[in-house]
Amino acid sequence: MAATSRAPSTLAPASFSAAGGSRRRRRCPNPRVRVGVGVRCSLDSNVSDMAVNAPKGLFPPEPEHYRGPKLKVAIIGAGLAGMSTAVELLDQGHEVDLYESRPFIGGKVGSFVDRKGNHIEMGLHVFFGCYSNLFRLMKKVGADNNLLVKEHTHTFVNKGGTIGELDFRFPVGAPLHGIQAFLRTNQLKVYDKARNAVALALSPVVRALVDPDGALQQVRDLDDVSFSDWFLSKGGTRESITRMWDPVAYALGFIDCDNISARCMLTIFTLFATKTEASLLRMLKGSPDVYLSGPIKKYITDRGGRFHLRWGCREVLYDKSPDGETYVKGLLLSKATSREIIKADAYVAACDVPGIKRLLPSEWRQWDTFDNIYKLDGVPVVTVQLRYNGWVTELQDLEKSRQLKKAVGLDNLLYTPDADFSCFSDLALSSPADYYIEGQGSLIQAVLTPGDPYMPLPNEEIISKVQKQVLELFPSSRGLELTWSSVVKIGQSLYRESPGNDPFRPDQKTLVKNFFLSGSYTKQDYIDSMEGATLSGRRTAAYICGAGEELLALRKKLIVDDSEKARGCRVVDDDLQKGDEGGGAELDSPRSVDDVVAVLEADYQRAYFLTGNFTPDIYTEDCLFEDPTIKFRGRSRYSQNLDLLVPFFDSPSLELENIEKGLRVETKFIMATWTLRTYLRLPWRPLIVIRGNTTYDLDEEYKVTRHAESWDVSALEAIGQIFVPAPKQTDDI
Ligand SMILES: Cc1cc2nc3c(=O)[nH]c(=O)nc-3n(C[C@H](O)[C@H](O)[C@H](O)COP(=O)(O)OP(=O)(O)OC[C@H]3O[C@@H](n4cnc5c(N)ncnc54)[C@H](O)[C@@H]3O)c2cc1C
């Protein structure tokens, strides 16, 4: 497949139409909760079989048994794409190592448990019924019973607690179930429904009924147009966009209909229309670390695969062979202050968009495939969890919403056009295994989109704003108290699926023979999603197996080169030294956001706010420094404060989990997520552990004007840690 060309026709679209209908706006009955009773989990039923009447590209057939040489493969990134690649390669007998910079696996669908036992998710995740590649993976790893099927309806919560439904429950399947859902929905007024129907009837999904491949091409050709432009040009109304399509667009791509490409929305609609269960939602029984990444990890390690957590790849080391061909000769990895170079037969970068941009050697940008990646960017998103002492989404029975013996309320994904979060769910109901806690109430998990305005705000302010909006949606929850909360910010999450961006997505196979890409942003016909990530992993593994003999030949050639020139080790040593250098301080003034990121990465490697060893030149003299306990101006004061604090730290470590750049209105910023661990030199040697974010606002000259930390614990809790003696196993830091 050509590296930059469009992928071949892969989707089997079909009809998705609706016609006008009249039905008075009504309050739908509150779907009852089904915790523990007759829960349908299995993937054997109610799953769209994409293998039937669907293009192979979307759901590739089982790979043939691999008979080539066994390869050693290094994968950078243990998100779903990296793990999907690993599973496929291990199944074919290869040797796999995964290097992940974070302390946990799963990437954007990852989660971890904080010190108090709360599962913190990177984001709210729902599984559409058409996620055949992901379901196949889940079955393979024994996680097929880990999903809970929700009622086949899409629920919209409007201000004041009015519920709108796009209800797909119907005795007859696709496309009729979809048509009736759109005719009967009470989320739109009659006039808007009629215009909606006209627009959808004129869409490529109708052609898909008779000519799936032609329709898919038509959908792809709509990549240059925003969904709003397309929809309005076909007769749809702005009111439909505001009340129904914007929340859906936000949920799918974290951007609204004016900014999302028509391709992205129509791709999903064709699946919804052709496959009865494609629009059926499932959610994990509990947290992703237990119910999704956990079983995948076990499958991988059971087959000899190895995870190396907190090992970030800092550099792709490459060379040119005498015949002028570029090849990767190793990866420079680092964990805290340790460095290592590893070698493999094939290297897979299964990163997110900001990750791959940081990793690619700048010289490779001479090739369009790589250079185009820099035209993609990620969308900021903020996920908030709010725990209450009652049942927030129980709209009908006030008494029930106040008791804590039984979980009650709306058990589904919920959309809303009337809040800054587009979709949300009460996880205590929808994913009860880890989130229902006896004696406690709702755990609302809300996804704030667009996340931009929320990124710079302190967590407390975000929580109070979201809490207020939850109350506006559910007035009946007035009086319920918030008992716990958390905020997770991702500066660049999904790639921005705006018009015209699809051609910039790279194929998994690259011009560098032993270097492959994987990740939901790479070329595949799903949107940036768990399914897209899984599918990309399958494609990457297939390419690697396809290149088995070639990769073996390259391995032999490199061994000969290395021994002949006896140069390989020296190169490695040089690289190691380079990695160990002080870094940022030696750089010229940063001339781009990437330069600042590089300086900060080096500063983090030196655990700068625990050692005081930082690069002052990247900050303006009057830079504002703030954390939950203090706020002041001046980089020299910051330096002095660190000088005072550093002697108190004992065995400090600072793990940089993630660093990425973002853009908010006119301001460029960088956001880093880190975990700090240190003992204090006090007689009772307390252990301080804080996970936090630092936002670095940049001025036009790329100097940091604001260095703002937010922590996963309140200022009071952080100070409280000082008074707790260290646990007995003091070495485990
Ligand atoms: C808030 C939120 C809600 C979402 N909801 C849904 C949903 O409901 N349904 C759905 O289908 N999808 C959803 N998604 C999208 C889905 O999570 C992603 O599309 C998918 O998980 C991407 O997987 P990936 O492996 O391609 O990338 P990632 O998950 O981003 O994995 C990349 C990994 O690479 C690591 N990495 C990067 N650089 C390096 C390096 N240099 N060295 C080592 N490691 C590195 C990263 O730490 C990360 O772990 C959601 C995403 C978010 C953020």
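Since the model is a prediction, treat every value here as computed from it, not as a measurement. What you see below is based on every heavy atom in this structure, not just the backbone, and it leaves out hydrogens, waters and symmetry mates. Just so you know, ligand 1 is whichever comes first in the structure, and atom 1 is the first atom listed for that ligand.
- Of the protein's non-hydrogen atoms, the one nearest atom 42 (N) of ligand 1 is C313 N, 2.9 Å.
- When heavy-atom distances to ligand 1 are checked against a 4.0 Å cut-off, F104 has no atom that comes that close, whether in backbone or side chain.
- Of all protein heavy atoms, the one lying nearest to atom 31 (O) of ligand 1 is G79 CA, 3.5 Å.
- The existence of a salt bridge linking R539 and D507 is confirmed by a sub-4.0 Å separation between a basic side-chain nitrogen and an acidic carboxylate oxygen.
- Interface atoms of ligand 1 facing M530, defined by a heavy-atom separation under 4.0 Å, are 9 (N), 10 (C), 11 (O), 12 (N), 16 (C), 19 (O).
- Where the criterion is an N or O separation shorter than 3.5 Å, residue side chain and backbone included, S529 meets it with respect to ligand 1.
- At least one heavy atom of A350 sits less than 4.0 Å from an atom of ligand 1.
- Those atoms of ligand 1 that come under 4.0 Å of a heavy atom in G519, given as number and element, are 26 (O).
- Contact annotation for M122 and ligand 1: only backbone heavy atoms (N, CA, C, O) come within less than 4.0 Å of the ligand.
- Near G123, with a cut-off below 4.0 Å to any heavy atom, the atoms of ligand 1 are 1 (C), 2 (C).
- For the ring-ring contact (aromatic ring centres under 6.0 Å, His included) criterion with F515, the lone passing option out of Y327, Y318, Y543, W364 is W364.
- The six-membered or imidazole ring of F269 lies near that of W245, with a centre-to-centre distance under 6.0 Å.
- Remark: ligand 1 and V126 share an N or O pair separated by less than 3.5 Å (distance only, no angle test).
- Ring planes of Y99 and H308: parallel class, angle under 30° (limits at 30 and 60°).
- Annotation for ligand 1: atoms under 4.0 Å from non-hydrogen atoms of R102 are 46 (C), 47 (O), 48 (C), 49 (O).
- The closest protein non-hydrogen atom to atom 25 (O) of ligand 1 is A81 N, 2.9 Å.
- Contact annotation: for I105 versus ligand 1, there are no heavy atoms closer than 4.0 Å.
- Ring geometry for F128 against Y131 counts as perpendicular: the plane angle is over 60°, on a 0 to 90° scale with 30° as the lower cut.
- Of all atoms in ligand 1, numbered sequentially from 1 with element shown, those under 4.0 Å from a heavy atom of Y99 are 43 (C), 44 (N).
- Of the charged side-chain nitrogens involved, at least one lies within less than 4.0 Å of a carboxylate oxygen, so that D97 and K72 count as a salt-bridged pair.
- In terms of heavy atoms, Y526 sits closest to S529 at CB-OG, 4.1 Å.
- Looking only at protein heavy atoms, the nearest one to atom 47 (O) of ligand 1 is E100 OE2, 2.6 Å.
- The closest approach between any non-hydrogen atom of F127 and ligand 1 is not below 4.0 Å.
- Residues V353 and D528 form no side-chain contact, since every pair of their non-hydrogen atoms from C-beta on lies 4.5 Å or further apart.
- For the pair D594 and R358, the salt-bridge criterion is not met [side-chain N within less than 4.0 Å of a carboxylate O].
- Between Y131 and ligand 1 there is a heavy-atom distance shorter than 4.0 Å.
- Aromatic ring orientation, F168 versus F272: perpendicular (interplanar angle above 60°, classes split at 30° and 60°).
- Residue contact check: S101 has heavy atoms under 4.0 Å from atoms 43 (C), 44 (N), 45 (C), 47 (O) of ligand 1.
- Within ligand 1, counting atoms from 1 as listed, the ones closer than 4.0 Å to a heavy atom of G312 are 42 (N), 43 (C).
- Under 4.0 angstrom from ligand 1, the non-hydrogen atoms of D352 come from both its backbone and its side chain.
- Near D528, meaning under 4.0 Å from any of its heavy atoms, are these atoms of ligand 1: 18 (C), 19 (O).
- At least one heavy atom of L124 sits less than 4.0 Å from an atom of ligand 1.
- Separating the CG atom in L124 from the OG atom in S422 is a distance of 9.0 Å, to the nearest 0.5 Å.
- Compare L333, T673, V109, L494 by their heavy atoms: the one nearest to atom 15 (C) of ligand 1 is in L494.
- Taking any N or O of L80, backbone or side chain, at least one lies under 3.5 Å from an N or O belonging to ligand 1.
- Regarding atom 2 (C) of ligand 1, its nearest protein heavy-atom neighbour is F254 CZ, 3.3 Å.
- Taking 4.0 Å as the cut-off between side-chain N and carboxylate O, R136 and E88 count as a salt-bridged pair.
- Between R263 and D502 there is a salt bridge, with a side-chain nitrogen of the basic residue lying less than 4.0 Å from a carboxylate oxygen of the acidic one.
- Of all protein heavy atoms, the one closest to atom 23 (O) of ligand 1 is A533 CB, 3.4 Å.
- Judged by distance alone, the side chains of S111 and D289 do bring a donor and an acceptor atom under 3.5 Å apart.
- Of the options H125, R310, R314, R358, the smallest heavy-atom separation from atom 17 (O) of ligand 1 is shown by H125.
- Scanning the protein heavy atoms around atom 22 (C) of ligand 1, the nearest turns out to be S520 OG, 3.4 Å.
- Polar contact check, I76 against ligand 1: no nitrogen or oxygen pair lies under 3.5 Å apart.
- Closest heavy-atom approach to atom 28 (P) of ligand 1 among the candidates Q492, K108, M83: K108.
- In terms of heavy-atom proximity, Q605 sits nearest to R339 at OE1-NH2, 2.8 Å.
- In terms of protein heavy atoms, atom 34 (O) of ligand 1 is closest to G77 CA, 3.3 Å.
- Side chains of Y454 and V487 form no contact here, defined as non-hydrogen atoms less than 4.5 Å apart.
- Between L134 and L80 there is a side-chain heavy-atom pair separated by less than 4.5 Å.
- The pair R691-D712 fails the salt-bridge criterion, with no side-chain N (NZ, NE, NH1 or NH2) lying under 4.0 Å from an Asp/Glu carboxylate O.
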